Structure formats: C-alpha cells, structure tokens
Undergrad: 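I have a structure here, written as structure tokens, and I will follow up with some questions on it.
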Amino acid sequence: MNIFAEIRGLIIATLDQMVAEGALPEGLNFDPITAEPPRDAAHGDMATNAAMVLAKPAGMKPRDIAEALAARLADDTRITSAEVAGPGFLNLRLAASVWQQVAAAVLDSGTGFGRGSLGQGQKVNVEYVSANPTGPLHVGHTRGAVFGDALASLLDFAGYDVTREYYINDGGAQVDVLARSVYLRYLEAHGQEVAFPEGTYPGDYLIPVGETLKAKVGDAYVGQDESVWLAEVREFATEQMMDLIRADLKALGVEMDVFYSEKSLYGTGRIEAALEDLKSKGLIYEGVLEPPKGKKPEDWEPRVQTLFKSTEHGDDVDRPVMKSDGGWTYFAPDIAYHYDKVQRGFDALIDVFGADHGGYVKRMKAAVSALSDGKVPLDIKLTQLVKLFKNGEPFKMSKRAGTFVTLRDVVDQVGPDVTRFVMLTRKNDAMLDFDFDKVLEQSRENPVFYVQYAHARVSSVLRKAAEAGIDVSEAAIKGADLGKLDHEAEIGVLRKLAEWPRLVETAARTNEPHRVAFYLYELAGDFHGLWNRGNDVTSLRFIQEGDAQTSQAKIALAQAVAIVIAAGLGILGVNPAQEMR
RNA sequence: GGACCAUUAGCUCAGCUGGAUAGAGCGCUGCCCUCCGAAGGCAGAGGCCAGAGGUUCGAAUCCUCUAUGGUCCGCCA
C-alpha cells in the first residue's frame, strides 16, 4: 500500500475522465504528474503538479485545469479538501481515516510493508568488497562492504532478484607477492631468521599461515627453488586469505552469494572469448596511445599495444588490454568478468568501488555497454574515504606504525550494528568521519542510538501495557479502533509511516541506501516527539489507564512504528534493539 | 594538461533525481525537570545553496564557464 501512488492513480483516472468528457484535449502525457507530500505541512497532506504540467500541452491556464480537477477530486471520500494554490498547485487534504488505515496496513503486512514491485523480479548483480586476497579487510573495505550489502538488501526489498558477488583478484602479480611472503613465514616457522624485503607483506597475520603451511607440507619446500613451490603456496595462501576475509565479512554480517575467481578466467579461453566479442564489433585494434599530458612521463616510449576502442562507448581514451610483453593487462580479465555477468543474464549490474578507483568507471561502463550492446546498464558506486577519530582526535592509519585499523578492529570495538549504521549515515560519495567514541554515545546526535531507542521504547510500552492488564496480543492490536488516533501529533507519525513505501522506491531507484538511514532517523524523531508530548498532554500517552481500547489503538501506532523501523534496519543489516543498556 | 566527485546555517551534513517561505543535529539565546524512561523537552536567532551566465511556468537540483578542495590519470591488480 502506497498512499501516494493510490492518490496519483486517482488523479490520473480523474484526468482520463476529463479527457473523455472533453474538458481536456486528448493525447496528453500524464507521466510527469506527481503526488507528493508538500515540504510545508501547512499546504496540506499531498500536492500535485498536474495542472502546471498539463497547462502548456493542453493550451489552458494552469489554474483552470486545477480548479476543474479539484472539483472532481473533492467527490472522493478519501479527500476532504482540494485547494488551488500558488502557480497552480493543487493541495489535497486527506481524511484522517486514510492515515489511520496506514497503521492497519503496516500491522497487516508486518516488515513486508513497503516491499515494492519496482524491480519486478529483474535480475541485478551487485559486486562489492572484491578486496585483493592478500590480507584482512580494513576500514575502507568496511564501508564498501556495508554499502554494497545494504544496497543489495534494498534492491531485494524493492522487488529485484539480487545476487551478491565478490570478485577475487587472485590472478595477478600481487598473489605471487603474497605467496613469497607466506613462504618467508613458513621458513620462519622452521626456525629460520627471515627478513622481509621491499615488495613483500610483513604483516603478522601471515605468521599463522606460515605455520599452517608447515603443518601441511612439513619441510618439503625448505631450501627449494621458487619454481618448486610458488604455484602451490599461492593457491594455499589465497585460500587462507579468503577464509580470513570470509570470516571478517561474517563478523560484519555480510554473506555473499558468489565468489568469482579472476584466476578462473585465465587459460580457459574466457578472456579470449570476451575480447573476440569486442573484436567482432570492430572495437579492438593495434595502436599507439598519446602520452598523458601534464604528467611527467619519465620513461615514456610510444609502444604499439592491443587497444579497446572504449571511446566509442563514452571513454576519454582507448585502453590497452594487452601488455607489450604479450600478457594481459588487468583490464582484460575485468572485461571478461563483466562479459560473464552479462552472459549470466543479469538485467542490470552494479559495481561498488573505492573512490580511488574512480578512474576505471568510464572504461568499465564502456566495456559493459559494448559487450551487451547497450542493453545492460552498469551503475558504479564509489565509496569515499573513512576518516577515523578517537574522542574527537583524528588518527592516521599506518601499517608501519602499527595503527593499521582492520574491519575486525572496528567490529570488535563497536559491534556490527553500530558499524553498519554509521557507515550509512553519509551519502556514499561523501567522506565519512568515524569516531570510535561518539558512535557509542547515547544521545540524540547519535542516530544509531536514537533509532534503536525508538524501537526499544515500543517494546517498553508493550511490556508496561501487558503489566497493566491490557491485551496486547496480535489479534487485539490488529483489531484496535484506529479511529481513536485522531490527534494531529498522531496523524503526523502516521504520515511519516505512509512515506516509507515511497522512500524505498526512491532509494532503490537511485541506488542510495543511506536514504533509509536518514528516513529512520526522521521517523524515530517523530515518534520521540510524540512520546515527549505525552509528558505535557497525558491523553497522548500510549497507555491510557482504565481505557484499554484507546490504549490498544495507540499501541497499534507504536507497533507500526516499530515494524517499519525493524524493516528499515533489516535493509541496513542492523538488528533492532528490544531494550537499551 | 585532462577526467571524476564534492562545495548548502558558525560546525557536521540531508534535500525525495525540476516545485511553493531550503531542512536536521551540534553550537548559540530564552524557557521547562514531583509527569508512561529527562542517557532530556519546547521555542528562537542563524542562508546571495561557492561565483557568473543559460534552459522554463518554476533551478540548491539540469547545461556551460570560473574558483576552491579531494581522488585518479600509459604495460603497476
């Protein structure tokens, strides 16, 4: 149930009728017509721009259309008044019963309220995290992980068939570096003194990996040439790292559907197949790139390379897919990977990258556009940096200084729920300040707490009501007389609840899960506001002593708020709190 | 030199993909605590939406240019 969509439908139907009666010309486009909550509540419950949008194509004055429309709409029982305002807005006021029914709808649908049909079962692939399997996940990955995961849940909620996917970069040179680093730890486990030269990973997290390797192969690799052990150790180390990463993700509550290996693209003809597809479209050629301007190309030499004509699909320059030594560039397997996604039949693709990969957006979009003949849209969301603070003081991450902050550090300190919520309190492309102390503060300025608190308060009301002998069973609450919710403050909360389905749609359409977090904060604010007014106006309290029926109606409202909060938090991957400690 | 992202209240940020008098939290000012949970509440002040053009009934939102900040820019994955 989306009341805005319903009223918009009513408006369109009324306009159709006006066309049939000759009050409006035929052939008008009604698509741009909206029914939205006005910014200023004084303008009523809902406003439509119909008259202004239609005025020009219909060759009529906006106010004339608006007045004719208003007269007809006023006949509908749901609408109590329709007034023309400003340049031609039509402001509608809705009957209290319309809003009261929102609570009934929420109770009826439970956390499924607002679940949308926007996606219509279309298959969407959301690729996120995709960190190199060379070590534990750090804070930067955490934001990408939370964002991608929440986005996936949001799209699922909006009616898409979502696949969560992680691309394992296990095919490049960095996994060789990993293997050599593990080998050093392996030697160390055998009692040897080792040094970590430039270009290896000296992190402590590889110590147990070296020991596990020792336990597995004994001294078989000691003193052996790299050619003997590199391939084996690489595979072993990659698996170990992926186990680590999977465990990190699990700690954060992220579960992938698919882990896709880059390595599986090599030697299987898949890269070749993808490039062959581009070649058949005339998008592969041998050529020489211009040196980048402005940047000092010290050892620049013009070289003939195999290039993808990405400029045909919106990129700025063509991109090399093969190195001068005949090996693939990193871009080649990326193309093959996305080719594979297209072939798996997804209707839309989403990649979540860190902002430092912003330079790859155009070329990836170009590749997908070319590979799918423009049929599969690729949206790339970049997540900006997370700046860490401790009690207001910024601190820098440094591997060397040992102040390297991992995903695990964050989750262990503040918990997965807080971590996830806070990561979504900013738009994905805005920088985020993360203060280890402030996120645990219990005050209004901490949205995590504020939203959780609202949910907990509802639980508290239910407990208190039960103690007072009020029947708060599901049946009793569902059967409550919602007509008793007639105070303007209560209607206000109902209005906010009514916006939820609409918000889900907008957030899903723009791929912006942070909107859910902001909405929840607003809803919680409205609910707390109503609660606080009960301090002065006793008739607004949720429990009305000696009046079980009124209490039940108010509890129904509170319950509806809790349900929508739980649904929203569910999308964000956060568990709602039953009580605050 | 170029690309991408940002620029909104003193501070940190939203702004429903073009709607009416631009919002929230913090901070500031003033009131309020024997009251279902005051880890607060209510009210108020505070804005040339970086700047300049353009598009149209209408722009913080779309286009162009400029300024400032960030990220990135042949074979490194």
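Remember, predicted model here, so these are calculated numbers, not experimental data.
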Undergrad: Among all residues two or more places apart in sequence or in another chain, which pass the side chain to side chain contact (heavy atoms under 4.5 Å, CB included) test with Thr134(A)?
TA: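 With sequence neighbours excluded, Thr134(A) shows a side chain to side chain contact (heavy atoms under 4.5 Å, CB included) to Asn132(A), Gln174(A), Leu178(A), Tyr201(A), given in chain and number order.
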Undergrad: Answer with base, sugar-phosphate or nothing: what part of the nucleic acid does Glu262(A) contact at a heavy-atom distance below 4.0 Å?
TA: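 Counting heavy atoms under 4.0 Å across all strands, the contact made by Glu262(A) is with sugar-phosphate only.
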Undergrad: In whole Å, what separates the P atom of C49(B) from that of A20(B)?
TA: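 Straight-line distance between the two P atoms is 14 Å.
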Undergrad: C1' atom, G40(B) versus G53(B): distance in rounded Å?
TA: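 It works out to 50 Å between them.
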Undergrad: Heavy atoms only, 4.0 Å cut-off, all strands: where does Thr506(A) land among base, sugar-phosphate and nothing?
TA: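 Thr506(A): backbone/sugar contact only, no base atoms under 4.0 Å.
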Undergrad: When you compare the side chains of His528(A) and Arg444(A), does any donor N or O come within less than 3.5 Å of an acceptor on the partner?
TA: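 Judged by distance alone, the side chains do not pair up.
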Undergrad: What nucleic acid atoms does Leu289(A) come within less than 4.0 Å of, heavy atoms only: base, sugar-phosphate, or nothing?
TA: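 Counting heavy atoms under 4.0 Å across all strands, the contact made by Leu289(A) is with sugar-phosphate only.
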Undergrad: Once you apply a heavy-atom cut-off of 4.0 Å, does His357(A) come out as touching a base, just sugar-phosphate, or nothing?
TA: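 Base: the residue His357(A), judged by heavy atoms under 4.0 Å, touches a nucleobase.
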Undergrad: Using atom P of each nucleotide, how far apart are C4(B) and C65(B) to the nearest Å?
TA: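 To the nearest whole Å, 10 Å.
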Undergrad: For atom P, what is the distance between G70(B) and U8(B), given to the nearest Å?
TA: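 Going atom to atom, P in each nucleotide, I get 15 Å.
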Undergrad: When you check every protein heavy atom under 4.0 Å of nucleotides 22-27 of chain B, what one-letter string (B, S, -) results, 5' to 3'?
TA: S-SSS-
Undergrad: With a 4.0 Å cut-off on heavy atoms, is Arg426(A) in touch with a base, just the backbone sugar-phosphate, or nothing at all?
TA: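 It contacts sugar-phosphate atoms only.
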Undergrad: Do His357(A) and Asp351(A) have a side chain donor and acceptor closer than 3.5 Å?
TA: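 The answer is no; no qualifying pair exists.
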Undergrad: For Asp316(A), answer base if it contacts any base atom (sugar-phosphate contacts may also be present), sugar-phosphate if it contacts only those atoms, and nothing otherwise; contact means non-hydrogen atoms under 4.0 Å.
TA: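 Here Asp316(A) touches the backbone only, sparing every base.
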Undergrad: What interatomic distance, in whole Å, is found between P of G46(B) and the corresponding atom of G54(B)?
TA: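 These two P atoms come out 31 Å apart once rounded.
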Undergrad: Mind checking Met322(A) for me? I need base, sugar-phosphate or nothing, with any heavy atom below 4.0 Å counting as a touch.
TA: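 Touches nothing.
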Undergrad: Looking across every strand, which nucleic acid part, if any, lies under 4.0 Å from Ala85(A) by heavy atom: base, sugar-phosphate, or nothing?
TA: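 Since a base atom lies under 4.0 Å of Ala85(A), the category is base.
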Undergrad: Fit a plane to each ring of Tyr330(A) and Tyr360(A), take the angle between them on a 0 to 90° scale, and name the class: parallel (under 30°), tilted (30 to 60°) or perpendicular (over 60°).
TA: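 Perpendicular.
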Undergrad: Per the atom types in the model, does the base of A20(B) pair as donor or acceptor with the side chain of Asn91(A) at under 3.5 Å?
TA: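 For Asn91(A), whose side chain was compared with the base of A20(B), there is a donor-acceptor pair (under 3.5 Å).
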Undergrad: Taking any heavy-atom pair under 4.0 Å as a contact, classify Ser324(A): base, sugar-phosphate, or nothing.
TA: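 The answer is base, as Ser324(A) lies within the cut-off (heavy atoms under 4.0 Å) of a base atom.
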Undergrad: State whether Tyr519(A) and Arg515(A) meet the cation-pi test: NZ (Lys) or CZ (Arg) under 6.0 Å from the six-membered ring centroid, and within 45° of the perpendicular axis.
TA: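 So Arg515(A) doesn't make the cation-pi contact.
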Undergrad: Between C48(B) and G2(B), how many Å separate the two C1' atoms, rounded to a whole number?
TA: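 Taking atom C1' in both C48(B) and G2(B), they lie 32 Å apart.
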Undergrad: Which is true for Arg502(A) with a 4.0 Å heavy-atom rule: it touches a base, it touches only sugar-phosphate, or it touches nothing?
TA: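 Contact class for Arg502(A): base.
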Undergrad: Between A52(B) and C5(B), how far is it from one P atom to the other, in whole Å?
TA: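 23 Å, rounded to whole Å.
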Undergrad: May I ask which nucleotide in the shown strands pairs with C65(B), Watson-Crick or G-U wobble, both distances under 3.5 Å?
TA: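 When the pairing criteria are applied, G51(B) turns out to be the nucleotide that pairs with C65(B).
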Undergrad: Applying the Watson-Crick and G-U wobble criteria at under 3.5 Å, what pairs with U29(B)? Answer none if nothing qualifies.
TA: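 With both distances under 3.5 Å, U29(B) matches A43(B).
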Undergrad: Any base atoms under 4.0 Å from Phe542(A), or only sugar-phosphate, or nothing? Heavy atoms, all strands.
TA: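 Base contact - Phe542(A) has a heavy atom under 4.0 Å of at least one base atom.
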Undergrad: Both distances below 3.5 Å, Watson-Crick or wobble geometry, any strand: find the nucleotide opposite C4(B).
TA: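 Because both required distances fall under 3.5 Å, C4(B) counts as paired with G70(B).
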Undergrad: Report the relative orientation of the aromatic rings in Phe436(A) and Phe434(A); use parallel for angles under 30°, tilted for 30 to 60°, perpendicular for over 60°.
TA: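 Aromatic pair Phe436(A)/Phe434(A) classed perpendicular.
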Undergrad: Within 45 degrees of the axis of the six-membered ring of Phe4(A) and under 6.0 Å from its centre: does Arg502(A) put its NZ or CZ there?
TA: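 Satisfied, under 6.0 Å and within 45°.
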Undergrad: Considering Watson-Crick and G-U wobble pairs with both distances under 3.5 Å, what does G58(B) pair with?
TA: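 Per the H-bond distance test, none.
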Undergrad: Heavy-atom distance under 4.5 Å between the side chains of Val451(A) and His455(A), does that happen here?
TA: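 Side chain of Val451(A) against side chain of His455(A), heavy atoms only: no contact under 4.5 Å found.
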Undergrad: Would you indicate what Ala430(A) reaches in the nucleic acid, counting non-hydrogen atoms under 4.0 angstrom: base, sugar-phosphate, or nothing?
TA: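 Answer is sugar-phosphate: Ala430(A) comes under 4.0 Å of backbone atoms only.
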Undergrad: At less than 3.5 Å, do the side-chain atoms of Tyr360(A) and the base atoms of A77(B) form a donor-acceptor pair?
TA: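 Such a pair is found, so the answer is yes.
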Undergrad: With a cut-off of less than 4.0 Å, is there a side-chain N or O of Lys427(A) near OP1 or OP2 of C13(B)?
TA: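 Answer is no, no contact under 4.0 Å.
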Undergrad: Give a yes/no answer on whether the side chain of Lys464(A) brings an N or O atom under 4.0 Å of OP1 or OP2 in C36(B).
TA: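 Lys464(A) to C36(B) OP1/OP2: no side-chain N or O under 4.0 Å.
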Undergrad: Checking Asp170(A) side chain against Lys263(A) main chain: does a donor-acceptor pair fall under 3.5 Å?
TA: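 Side chain of Asp170(A) to backbone of Lys263(A), a donor-acceptor pair under 3.5 Å: yes, one is there.
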Undergrad: I'd like the P distance from C33(B) over to U17(B), given in whole Å.
TA: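 Nearest-Å result for U17(B) against C33(B) at atom P: 44 Å.
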Undergrad: Find the partner of U17(B): check Watson-Crick (N1-N3 plus N6-O4 or O6-N4) and G-U wobble (N1-O2, O6-N3) distances, both under 3.5 Å, and reply none if neither fits.
TA: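 Checking every strand shown, U17(B) finds no partner, since no pair has both distances under 3.5 Å.
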